[in-house]
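Residue numbering restarts at 1 for every chain, and letters A, B, ... go by the order of the sequence lines. In what follows, every heavy atom counts, from backbone to side chain, and hydrogens, waters and symmetry copies are set aside.
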Amino acid sequence: MSPDPQTPSAADAVPSHRYTAELAGRIEKRWQDHWEERGTYHAPNPVGPLKGEVPADKLFVQDMFPYPSGAGLHVGHPLGFIGTDVFARYHRMNGRNVLHTMGFDAFGLPAEQYAVQTGQHPRKTTEDNIQTYLRQIRRLGLGHDERRRISTIDPNYYRWTQWIFLQIFNSWYDADAGRARPIAELEAEFALGKRNTPDGRGWCELTRAEQYAVLNEYRLVYLSDAPVNWVPGLGTVVANEEVTADGRSERGNFPVFRKNLRQWMMRITAYADRLIDDLDRLDWPDKVKAMQRNWIGRSHGARVSFPVGEHVIEVFTTRPDTLFGATYMVLAPEHPLVDVITTAEHVDAVAEYRRVAANKSDLDRQENKQKTGVFTGAHAVNPVDGKEIPVYVADYVLMGYGTGAIMAVPGQDQRDWDFATKFDLPIIRTVQPTEGFDGEAFTGEGPAINSGFLDGLEIDEAKSTIIAWLEEHGHGRGTIQYKLRDWLFSRQRYWGEPFPIVYDEDSQPIALPESMLPVELPEVEDYSPRTFDPMDADTEPSPPLSRAAEWVEVELDLGEGKKKYRRDANTMPNWAGSCWYQLRYVDPTDTERFCEPENEQYWLGPRSDGDPGGVDLYIGGVEHAVLHLLYSRFWQKVLFDLGHVSAEEPYRRLFNQGMIQAYAYVDERGVYVDASKVVERDGKYFFGDQEVKQEYGKMGKSLRNVVTPDEMCETYGADTFRMYEMSMGPMDVSRPWATKDVVGAQRFLQRLWRNIVDEETGEVRVTDAEPDEATLRALHKAIAGVHEDYSNLRYNTAGAKLIELNNHLTKNFTEGCPRVVAEAMVQMLAPLCPHVAEELWSKLGATESLAHGPFPTADERYLVEDTVEYPIQVNGKVRGRITVAAGASQDEVKAAALAEEKVAALVAGGTPRKVIVVPGRLVNIVL
RNA sequence: GCCCUUGUAGCCCAACGGAAGAGGCACCGCGCUCAGAACGCGGCCAGUGCAGGUUCGAAUCCUGCCAAGGGCACCA
């Protein structure tokens, strides 16, 4: 073991039983082995291989699924892991059956990329990384049930990912019933004639292929030829959620192109309403709820039809009440009606405009907010007043939202106002602006004007009136529009779950039967995705699996005798495995089912009326707000609808931990220097003799400011590291890492150790003396406070209360502190610093681990004071103090306050206007 | 541009609408030491981003502004 760098020469001066990093290291290793050998953190299930005695009171705590990166951990990563561990330990000590474990989300691009660089198989690199990761987190003393470790790349795991995919594939959304149902039930409805086929023929008259084609239109997973996000630089398509606001891929930051490709989609839009509405039932941060609502983007409005000759332009608007103010219309450049309605003399101009628009990237469109457009020569008829209004083509209208066409109301919409002023189009206000309004478009509340039969109505009333009118006259209808799109579910990668789908000679997708799962990844020569020039939009994805000819071409008996089929060569996106892993944690070794219903109900089921069920506490970063958390909720709801699970939501309570950031330093050349070697002098920072500039940001290799948990454990011990990390601030606040502050946590543990153990002899130095009143008060106050703090994830204040109590002991008991106090303190310390607590607990004579308690409870007697000191305020300023019995009535306190010498002088015989007595706090006299 | 979050000692952070300080780091003094501190004791340090308002009383509630961080962004 390397010598502690901070005490280079004094090693022999250190008492042999001092709680040093070296001793902490030995203690930690010993207890980690002990826990593992005895399965201390094994949580029993009601049924199945992990069956055991289950207390009714349970707790399921989960960390967001880590990806086992090759770079290893920095001190920011375990923040959440330790947070869940403290919570789990606290509840375990208080008698609950606590499920806490950690597995790995191990498919993904980095392993593939690393494999390409090193020539190693992604499985090899991934499994190596997992071992490294496990070694790193083991050192932190996390109380995981190791039996429940899972990994998405394990065929025994992805077999069930594929199984769930098939469940979704074999379902359709019954909008009338508001839930998913098996596709077989739909087929039965067609067969019985309860439901008409698209062309009206009887179900039996259709060929099998035609029947498949009809059903495929309903499935919750379907193949689509719609435009998708193609990323040549990655060689794969990605989901909308994986495209950043500036039109680049979240991973790799490559340009994204819209391209028509045949891809798998999941019909998440069918669940849009439930995904929004059920947010109200979740204990989640408002921020995340807001982001999901935003992403789903539900807006209420109307579809309105505007005739153009014999054609009809349908628009979506959230402001049907402003229909009388529609002075022109706009089609998106890609709108199919553009070709149809453009008049001969405008054809050239329109074609030119569309050509230019097509070549603009999304970024260009966004950066240039100057309105552009061109007249089509056509006019549409406003259904409310029969007026003819011109139809334009402009790229400020997007094909991807609503109907790709709008009615323009410049009086109430700033974008339309801008366009109208530029093209000299009329502007009619249809909402009376508030007095003094001197802006352009008015978007506020007000009565309708210039709107015929709507005049005088407020916006909401006008909306419902006009919608009723539109529906009555067949010009439109009220509707709801969503921003959410279906989920693009295929990727052209090697390192992911293969689809359990084959194609027959008609290219119809056919689901493989459950008995053929898992469909395992084949070995291939070259597992790299074929990537292209990132800017080259005219490229095609080429999945690595398509090159595994002997895997793709298969002969199977799918009920029609042995036939040749072609496998789907795509793989599932990274998110697939994390959509359901909480269910597998519950039943990790079940070979018959993805999760046994009894176990699911016990750990995840609803606990009261209206409770959606789910994990009791889910901690992770906010970056998954709309990706993982939306997808996961979607899968959960499908499984719920199909009767496979009892919980409607996967994660009942969500908590976002903050990010640990760090200072970084750049020299004159702008090059980052090793942050650990920078020293501060007189408010300036120096790297050697060179002055450097301080920056602040994420921890990372490129900023040269990484601090690892390994080095913290080495230098201070895991318990000190845990203690420090939890006491830096509240869990949800981002804060800067400061290695120099860690020593505070270490000093605390040393003092606590010293209060119980003789540093010279190693003997326990507690006494059997009865603690004095003040000590009992301090103890029970700490107990009460610590309970509060642990259950509310306020570990920083819990830690402070322990320090406070320990400081009291240090000051008052130089010859050893009373045993009862020492014991309670060790128990309270255990969730934060489990190793040293176990060690002290056993030194105090225990033979059982502290993992399952006991945990002290506060005695009310010591929480109430006999006497209370009241500050007396006169007009808000403290002028004196009185001490009265705790049970004194308000009148007694008031009388005592007025009698106080300085106060009486100020009141000087007059009558105060008001005397406020706040029981237990203070008295305020208003003169 | 819109939405959300956060502004308290040199730094990280506490404080049911009720005396601004729980804890840690840094700093200073004294003690113990040949010496040192990862020891003991004690201390220094802010009036809560700014301006208003509500209230007997505001760090806390409300309004506006400023700053930092995050999300969304021509979504009709």
Under 4.0 Å, counting only non-hydrogen atoms across every strand here, what does [X] touch: a base, just sugar-phosphate, or nothing?
X	value
A:E804	sugar-phosphate
A:V733	sugar-phosphate
A:R754	sugar-phosphate
A:Q481	nothing
A:D416	nothing
A:I406	base

Can you tell me how far [atom1] in [N] sits from the matching atom in [M], rounded to whole Å?
N	M	atom1	result
B:C25	B:A38	C1'	13 Å
B:C11	B:G71	P	26 Å
B:G24	B:C30	C1'	22 Å
B:G47	B:A14	C1'	15 Å
B:A37	B:A26	P	12 Å
B:C65	B:C3	P	10 Å
B:C61	B:U5	P	11 Å
B:A15	B:A22	P	12 Å

May I have the distance from [X] (atom [atom1]) to [N] (atom [atom2]), rounded to whole angstrom?
X	N	atom1	atom2	value
A:N294	B:U5	CG	P	14 Å
A:Q661	B:C11	CD	P	17 Å
A:Q414	B:C74	CD	P	15 Å
A:M726	B:C12	CE	C1'	14 Å
A:Y396	B:A76	OH	C1'	9 Å
A:M828	B:G23	CE	C1'	15 Å
A:E759	B:A37	CD	C1'	12 Å
A:K289	B:U5	NZ	P	14 Å

Under-4.0 Å side-chain N/O to phosphate OP1/OP2 contact, [X] with [N]:
X	N	answer
A:N807	B:G24	yes
A:R751	B:G40	yes
A:T814	B:G40	no
A:R747	B:C25	yes
A:N796	B:A14	yes
A:K914	B:C56	yes
A:R293	B:C3	no

Tell me the partner of [N], counting only Watson-Crick (N1-N3 plus N6-O4 or O6-N4) or G-U wobble (N1-O2 and O6-N3) with both under 3.5 Å; none if nothing fits.
N	value
B:U48	none
B:G7	B:C66
B:U55	none
B:C39	B:G31
B:C72	B:G1

For the side chain of [X], counting heavy atoms from C-beta on, which of [options] is nearest?
X	options	value
A:T317	B:A76, B:C25, B:G71	B:A76
A:Y401	B:A38, B:A76, B:G23	B:A76
A:K483	B:A73, B:C4, B:G23	B:A73

Pairs under 3.5 Å (N/O, protein and nucleotides 42-45 of chain B):
{"residue": "B:G42", "atom": "OP2", "partner": "A:K811", "partner atom": "NZ", "Å": "3.3"}

- Among A:H17, A:R765, A:R754, which residue meets the side chain to side chain donor-acceptor pair (under 3.5 Å) test with A:E759?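 Going through the options one by one, the only one that passes is A:R754.
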- Query: Parallel, tilted or perpendicular: which fits the ring planes of A:Y724 and A:W737, with parallel below 30° and perpendicular above 60°?
  - Reply: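 A:Y724 and A:W737: perpendicular rings.
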- Query: Is any side-chain heavy atom of A:R477 less than 4.5 Å from a side-chain heavy atom of A:L470?
  - Reply: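 No - every pair of side-chain heavy atoms lies 4.5 Å or more apart.
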- Message: Here's a test for you: under side-chain contact (heavy atoms from CB on, under 4.5 Å), which of A:T269, A:D273, A:L275, A:I268 qualifies with A:I296?
- Response: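 The option that passes is A:L275.
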- Task: Identify the heavy atoms of A:D418 and A:K371 that sit nearest to each other, and give their distance.
- Result: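 So the minimum-distance heavy-atom pair works out to CB-CG, 3.9 Å.
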- Do you know the tightest heavy-atom contact between A:G325 and A:P410?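 Scanning both residues, the minimum pair turns out to be O-CD, 3.9 Å.
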- Message: Centroid separation under 6.0 Å, is that true for the rings of A:F419 and A:Y328?
- Response: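 A:Y328 vs A:F419: aromatic centres under 6.0 Å.
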- Counting only heavy atoms not in A:K698, do more than 12 sit closer than 6.0 Å to its NZ atom?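 Result for NZ/A:K698: open.
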- Message: Is B:G47 syn or anti, taking syn as a glycosidic angle within 90° of 0?
- Response: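 For B:G47, whose glycosidic angle is within 90° of 0, the conformation is syn.
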- Query: Is any side-chain N or O of A:N924 under 3.5 Å from a base N or O of B:C56, one able to act as donor and the other as acceptor?
  - Reply: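 Such a pair exists between side chain and base.
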- Query: How long is the gap from CG on A:L654 to CG on A:N656, to the nearest 0.5 Å?
  - Reply: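 The CG atom of A:L654 sits 5.0 Å away from the CG atom of A:N656.
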- Could you tell me the separation between the CD atom of A:Q292 and the NZ atom of A:K287, rounded to the nearest 0.5 Å?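 If we round to the nearest 0.5 Å, A:Q292:CD and A:K287:NZ are 13.0 Å apart.
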- Ion pair check, A:R18 and A:D758, cut-off under 4.0 Å: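 No, A:R18 and A:D758 are not salt-bridged.
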